[in-house]
Every structure is written in C-alpha cells, then in structure tokens.
Amino acid sequence: MLGAMQDHPLLIWRLIEFAARNHPTTEVVSRRVEGDLHRYDYQSAVLRCRKVANALDALGIARSERVATLAWNGYRHFELYYGVSGSARVLHTINPRLPPEQIAWIVNDAEDRAVCFDLTFLPIIRAIAAQCPTVKHWIALCDSDRLPADTGLAGLISYEAWIAPQAEEYTWPDFDEKTAAALCYTSGTTGNPKGVLYSHRSTVLHAYGSALPDMVNVSARDCILPVVPMFHVNAWGVPYVAPMVGAKLVFPGAALDGKSIYELLESEKATAAAGVPTVWLALLNHVDSIGGRFSTLQRTLIGGSACPPAMIGRFLAYGVTVQHGWGMTEMSPLGTISNLKLAQLALPAEQQRRFLEKQGRAVFGVDLKIVDDAGRELPWDGKATGDLLVRGPWIVSRYFEGALGGAMGSALVDGWFPTGDVASIDPDGFMQITDRSKDVIKSGGEWISSIDVENIAMAHPAVAMAACIAVPHPKWDERPLLVVVRKPGTEVTPRDILDFFAGKVAKWQVPDDVVFVDSIPLGATGKMLKTRLRETFRNHRLPGA
Ligand code: AMP
C-alpha cells in the first residue's frame, strides 16, 4: 500500500519562492566586481530569478540544456542558480581558476549553450570563445553601460539588458525531482575533469541535511557569508540552504583577501561563514595584525582540506567556533562535520578539542565505512585506518557522460562511492581523514599521514604554511619531506622545525628534511598542489639517503 500524502517533487525553484513569501525582507548583500555593495531582499530576488527563466525561454534554450557560469559569489550568480535550474535547464558552474584550455574542454564536454561571466573573466572568454562552437550566447554579468565595445564576441549581451524586458511573473514547471539541476566538474589534478550532475532532489535533500544543528546549523537568525566560491560545489550548498531557512546571505564577490572579508563580516554582522583553510589563514593574520576582534561571528565552517588544529585554536581565542567539515564535489559536498555530543560537553576542553579537530560525524543521508585493501570492513575503533567509502541520496552514482567522452559507467564499487581518502572512525562516529590515498607517505611498509605532519608543523610559531610530501628513498621507498613557507620576519632553521616534532610523533614519522619556499602552489580551489610539489622535489636528496 502506498502512503496517501501529496506527491510534491523537491524542486529548487520552491526554495526561492518559499524565501520570498516567508522571509520577504531578509537581505541578500553582495560585494560587486565594481567594488560597491549591492543589497536587496528575497522578495526582490525572486522577481529577477523569474526574469532569468523568462529570458532563457526567449533564447530558446531547451530543458536540460546547459547554461554555464564563470562568476564570483554575487547576486546575479545567485539569480542564475534559480532561474536556470528552476526552469529545468542545467546550471553548469565553471571554476575560472582552471587553465583556459581546461575550461574550453569542460565547456565542450558539457556542450554549454550559453556562458554567463563576470567581466573579470573576459580575457578567458576571449581566449576560448573560438574553440567553443556549442556556445551561442555570451552574457556578461554587468549593466549594459559597462559592456566593453569591440570584444570580438558574437552575440555578447549584458545580463541587465538581457533580463530587463522580461516579465517578473513566471510559471515554474513541475517535473520529476530526479531531473538534472546543476553540473560541476571535479578539479582533478590528473586526467580529464569529471562532471558531477546534481539533481533537484539531491540538492534539496542536501540543503535539508546541511541546515541541521549538527551540520552547518543555519536558521533565520543567521547571517551567513560563503567565502567558498559558488563555482566550487555550489558554495557547499549555502545558496540553497539560506533561502530554505531564511538566513541573510552575504556574497564577497572577488575581494577575498583577509581585510576585505573581515570588513564585510563586521559591517554585515555575519554570524556564520564558510571557506577553505587558506582563506581563513589570511583573515586571521589580518585580524591579528590590526588587533581586531569578531563582534558577531559565532562560527565558521572550514573544509575542502584539513583544518590545522592550530587554526581551530586561533579562532577559539577570538570566541569563534570552528565547524570542521569534510566532503567532496561528488557528495554535493557535505559528508561530515565536527560538532560535540551531549556527553562530550562534560569533557575537559583539551579532550573536546581532540574531537573537534577530526573531520566529524556523518549526517543522516550519508553512510560511511572504511575498508582494508581486500575490501573488508574495518572497525570503528578510532585506530584502524582504511579506504573511506560513502553512499547516500546526494552522492554521485555515475559521472556525467559528456560529448568528449571520458568517464563512463558507474562510479561505485558494490554500491559505494570510493572517496580516495584514508580515514579512521571512532566509536562515537567521528571520522578522521589521515590522508588522500595518493598523498600518504609509504615508508618501509608503514604509512605516514602527511596531514598529521603538516598539523604539527603549522603549530610552530614561525610557520605560515606547510606541506608534507613523499620523496623517493633507496632504503625506505619513500620518506617525508616538509616544505615550509616561513612567516614574514621570522628566522628559523630546518633543525628548529624538526626539533619541534620531538615527542609529538614517533621518530620514524618525523620528516627527513625541511626546505623553505616563498609560496606553496595552490590548485584551482585553494588546496595545496602536492602533485606539483612532488614533481619539483622528486630529485631532492634527503640527508643520509
Ligand atoms: P573537492 O571535490 O575538490 O572538494 O575535493 C574533495 C577532497 O578534498 C576530499 O576527498 C578530501 O581529500 C579533501 N577534503 C575535503 N575536506 C577535507 C577535510 N576537512 N580534511 C581533509 N581533507 C579534506
């Protein structure tokens, strides 16, 4: 017997319509590429989302066709999130930090019909346009009077001119909630990028999950500032969850330096923020340097790569809680977040910290397991480490089969998605990533966690950034090398840093050498590019090797 409840598909356009009706005057504030602040509310936002849907109809873009964005976090990008997906087209967010040839490859694989871009990215668009025959419309996210002349781009139009003549009324279509809504390519460091195709259902369920108190914990009492880009796994779902719960949204645009982010957090009275560790490092350094404080910020979601424990401590000293989270493009992205349980509230602070430093507990909707090399499930004892597998309704089942081929067939092994991460899980369900499987250092048959080594190095007062990589070794196969960026004005030797490891890890886990560099290369989503470092230091001669 079937249940007798309404068949009401979980569709993305319902989120913005809900926000407009229930939270009409809640604000959406954006720092524009032009530098000024734009502000409106959900009531005004929905009218422009509907105009976008009408404008797409006018262009004759069919359902399921892809509309790409190359854009910062801002209100126009937000409107495209709803106007494109809501009208049953697929929003394809592209990471503008990728090399132009990779962007062109992605556009062609996705067969994008239109590309909407911030003017910052005009040089990229110019470079790739001739190689993108499927794109019929280039839309610059600006006012018509800001559209540069003589761009050489056929069919270029400004966003404002494009939506201006359209009606503010739109009858959103009803369709199967499993319909594709958004497409995001993973920032793979090897091989061609792979497309992850989210559905309306997966996106709405993910928003429900992430709003939960033990996840991002977002409500109508929040003002949330996603520093994580809208081109990186849909800004971790923040543009969907904020309208769902009626939170105020603040978009930082292109100004991602510590000073700009700090000023925006303060002036808009943000209570929550989300971003990768490298962004928060810049913010903390800025606040330290001006002797500032956070007047309203209560918590910040940090993920994308491991959050160094030292960073958690620095935020706590300012009265800000860190929600350490883990996820992947293939997981929409949220999998786990570290929040304490009732019994743990009674623990001494330093024991609580041990839980908070882990990547956290799974949300309902994400099943986790760890397995050994033979695929046998390992116990949740906090000690055994193995390959981490996941499954659930907002986790990829197969990659997008684009025009250029590449990924075909299921992405799963026996119904589970292999994350490529190595982890342990404790009896309370707190998962801890020890490494990306390709970043683990395999020394004499034992594994050394590069994350553990980096976390210790990052606690050294003279270390601004640290990466631990494997270097080939004649006796041990691989040994760890620590690559360090020193804090400006500090003097420290490799010996000082190595001595700092004494008593913190086993002797054989201490790196064999330290090299100082001016900067560590970062990938398109702000993560350390260890592949590049391994390349650079492949022939580094370790002492005694
Ligand atoms: P992406 O799909 O580009 O977001 O990358 C996902 C990968 O980032 C994961 O598989 C992890 O290797 C890594 N990652 C994300 N969050 C964390 C975290 N909190 N700690 C360690 N690694 C993380």
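When a ligand or atom number is given, it counts from 1 through the structure's own listing order. For clarity, every value in this text was computed on a predicted model and none was experimentally measured.
By the side-chain contact (heavy atoms from CB on, under 4.5 Å) test, Val279 pairs with Val227, Val276, sequence neighbours left out.
The environment of CZ in Arg534 is crowded: more than 12 heavy-atom neighbours from other residues, nucleotides or ligands sit within 6.0 Å.
At a heavy-atom cutoff of 4.0 Å, ligand 1 is contacted by the side chain of Gln359 but not by its backbone. Only the backbone of Ser305 comes within 4.0 Å of ligand 1, judged by heavy-atom distances.
Which parts of ligand 1 touch Gly304 is read off a 4.0 Å heavy-atom cut-off, strictly below it: atoms 8 (O), 13 (C), 14 (N), 15 (C), 16 (N), 17 (C), 23 (C). Under a 4.0 Å criterion applied to the non-hydrogen atoms of Arg436, ligand 1 contributes the atoms 9 (C), 10 (O), 12 (O). With ligand atoms numbered from 1 in the order given, ligand 1 contributes 1 (P), 2 (O), 3 (O), 4 (O) to contacts under 4.0 Å with heavy atoms of Thr329. Which parts of ligand 1 touch Gly325 is read off a 4.0 Å heavy-atom cut-off, strictly below it: atoms 16 (N), 18 (C), 19 (N).
Not a single N or O atom of Cys307, backbone or side chain, sits closer than 3.5 Å to an N or O atom of ligand 1. Considering backbone and side-chain N/O of Ala306, one or more are found under 3.5 Å from N/O of ligand 1.
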Worked check of ring pair (Phe, Tyr, Trp, His ring centres under 6.0 Å) between Trp380 and Phe430: CA-CA 9 Å; Trp380 289 25; Phe430 282 74; over 10 Å; no
Kindly determine whether Phe78 and Phe251 satisfy ring pair (Phe, Tyr, Trp, His ring centres under 6.0 Å), including the steps that lead there. CA-CA 9 Å; Phe78 179 70; Phe251 290 123; 5.8 Å; yes
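Heavy atoms of Asp421 approach ligand 1 to within less than 4.0 angstrom. At a 4.0 Å cut-off, at least one heavy atom of Gly327 sits close enough to ligand 1 to count as contact. Contact annotation: Pro333 has no heavy atom less than 4.0 Å from any atom of ligand 1. Not a single heavy atom of Met331 lies less than 4.0 angstrom from ligand 1.
Heavy-atom minimum distance, Gly237 versus His206: CA-CE1, 4.3 Å. When all heavy atoms are compared, the tightest approach of Ala247 to Ser219 is CB-O, 3.4 Å.
For residues 303-316, every residue pair satisfying the side chain to side chain donor-acceptor pair (under 3.5 Å) rule, not counting sequence neighbours, is listed here: Asn285-Arg314, Asp288-Arg314.
For atom 6 (C) of ligand 1, the nearest non-hydrogen atom from the set Lys527, Met431, Glu330 belongs to Lys527.
Once rounded to the nearest 0.5 Å, the distance linking SG of Cys307 with CD of Gln359 reads 9.0 Å.
Ion pairing between Arg76 and Asp118 fails under the 4.0 Å rule for side-chain N and carboxylate O.
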